[in-house]
Amino acid sequence: MKKILITGALGQIGSELTATLRHIYGTDNVVATDIKRTVREVSESGPFEILDVTDGTTMLNIASQYQVDTIIHLAALLSAKAEEQPLLAWNLNMNGLINALEIAKERNCQFFTPSSIGAFGPATPKDMTPQDTLMRPTTMYGVNKVAGELLADYYFHKYGVDTRGLRFPGLISYVTPPGGGTTDYAVEIYHEALNCGKYTCYLNKGTYLDMMYMPDALQAIVDLMEADPAKLSHRNSFNVTAMSFDPEQVATEIKKHLPHFNISYKIDPIRQAIADSWPNSLDASIAKEEWGFKTHYDLASMTVDMLEKLNYNRPIAS
Ligand code: SER
């Protein structure tokens, strides 16, 4: 039975992943940690500890106290926030990661941390971006993600730590809002469509980015962590994606259910520049080959589910 430590457990991925892992592996076997106690369902539904990931001593104490054998390291600043505060991003994203890797080495833990489409840069091939390709990101977040992928590979090759990772696209969920990412519009648009019937988008039409619905992202983490290590030639990190769209396409899909919905544009130059430096679409074939990556939701089925789940009172006809 796994005994799992999750950092950043109250964040966008963590608050749902904690519940999923508690369901699979047992509540007491999943220790959630975060810098503060904000999401009560997570912090009160099983073991929870306050942890600032830049404090390696406390992280080690918690890992030892609960005898963990798996670390899922999620605590990080997302792309737009990292661009506003690059030094904070470097400190949190890199020192947090190396603390977690050191503990994985000490305790011989299996290890997962997410990378991102943000690891790619403007010189990367934009369409069907291959698994192994040129990576010269121009954002602090991207620099952190590439360094993180290399660091996780280093701990595997040098110390034999079973490190694994996924390059996530924008993640869309009806449960927890993202915070400070470039792909956040793809979540906000559903909330605003239901609340106001209109949405002002900070990315321009024609800005294509990869996306994935949260249930598929959670399943991908579980499947990768359960994958036979003998089959993994790559480890940190696999390209994964479920769909690629621009704001107009989401708006068109929403209009099928809410015909009066209207999208307009007010471009945020910082987030637009970040999005323009990222791929239009990823090639996830290596993840499919090595550990059977699959998704269930496309834009149409995700839109039906998002609108249904967000709109408790009014069932949406599909
Ligand atoms: N969703 C993330 C962001 O926009 C990408 O990894 O920062």
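Numbering of ligands and ligand atoms starts at 1, following listing order. Small disclaimer: the values here were computed from a predicted structure and weren't measured. Index from 1, following the sequence.
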Criterion salt bridge (Lys or Arg N to Asp or Glu O under 4.0 Å) on K81 and E84, from CA distance to verdict: CA-CA 5 Å; K81 275 260 162 30; E84 277 167 23; 5.2 Å; no

Partners passing salt bridge (Lys or Arg N to Asp or Glu O under 4.0 Å) against E83 (at least two apart in sequence or in another chain):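 Not a single residue meets the salt bridge (Lys or Arg N to Asp or Glu O under 4.0 Å) criterion with E83.
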
Anything under 30° is parallel, anything over 60° is perpendicular, the rest tilted; go ahead and classify Y185 against Y202. perpendicular

For T182, give me all partners under side chain to side chain donor-acceptor pair (under 3.5 Å), at least two apart in sequence or on another chain.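 Side chain to side chain donor-acceptor pair (under 3.5 Å) list for T182, sorted by chain: S79.
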
Side chain to side chain donor-acceptor pair (under 3.5 Å) with T295: which residues, sequence neighbours excluded? none

More than 12 heavy atoms from other groups under 6.0 Å of CD1 on I270: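 Check fails, neighbour count at 12 or below.
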
Dump the pairs for me: ligand 1 N or O, protein N or O, distance under 3.5 Å, to 0.1 Å.
{"residue": "ligand 1", "atom": "1 (N)", "partner": "T183", "partner atom": "OG1", "Å": "2.8"}
{"residue": "ligand 1", "atom": "4 (O)", "partner": "S79", "partner atom": "OG", "Å": "3.4"}
{"residue": "ligand 1", "atom": "4 (O)", "partner": "T182", "partner atom": "N", "Å": "2.6"}
{"residue": "ligand 1", "atom": "4 (O)", "partner": "T183", "partner atom": "N", "Å": "3.1"}
{"residue": "ligand 1", "atom": "4 (O)", "partner": "T183", "partner atom": "OG1", "Å": "3.2"}
{"residue": "ligand 1", "atom": "6 (O)", "partner": "S116", "partner atom": "OG", "Å": "2.6"}
{"residue": "ligand 1", "atom": "6 (O)", "partner": "Y141", "partner atom": "OH", "Å": "2.9"}
{"residue": "ligand 1", "atom": "7 (O)", "partner": "S79", "partner atom": "N", "Å": "3.1"}
{"residue": "ligand 1", "atom": "7 (O)", "partner": "S79", "partner atom": "OG", "Å": "2.6"}

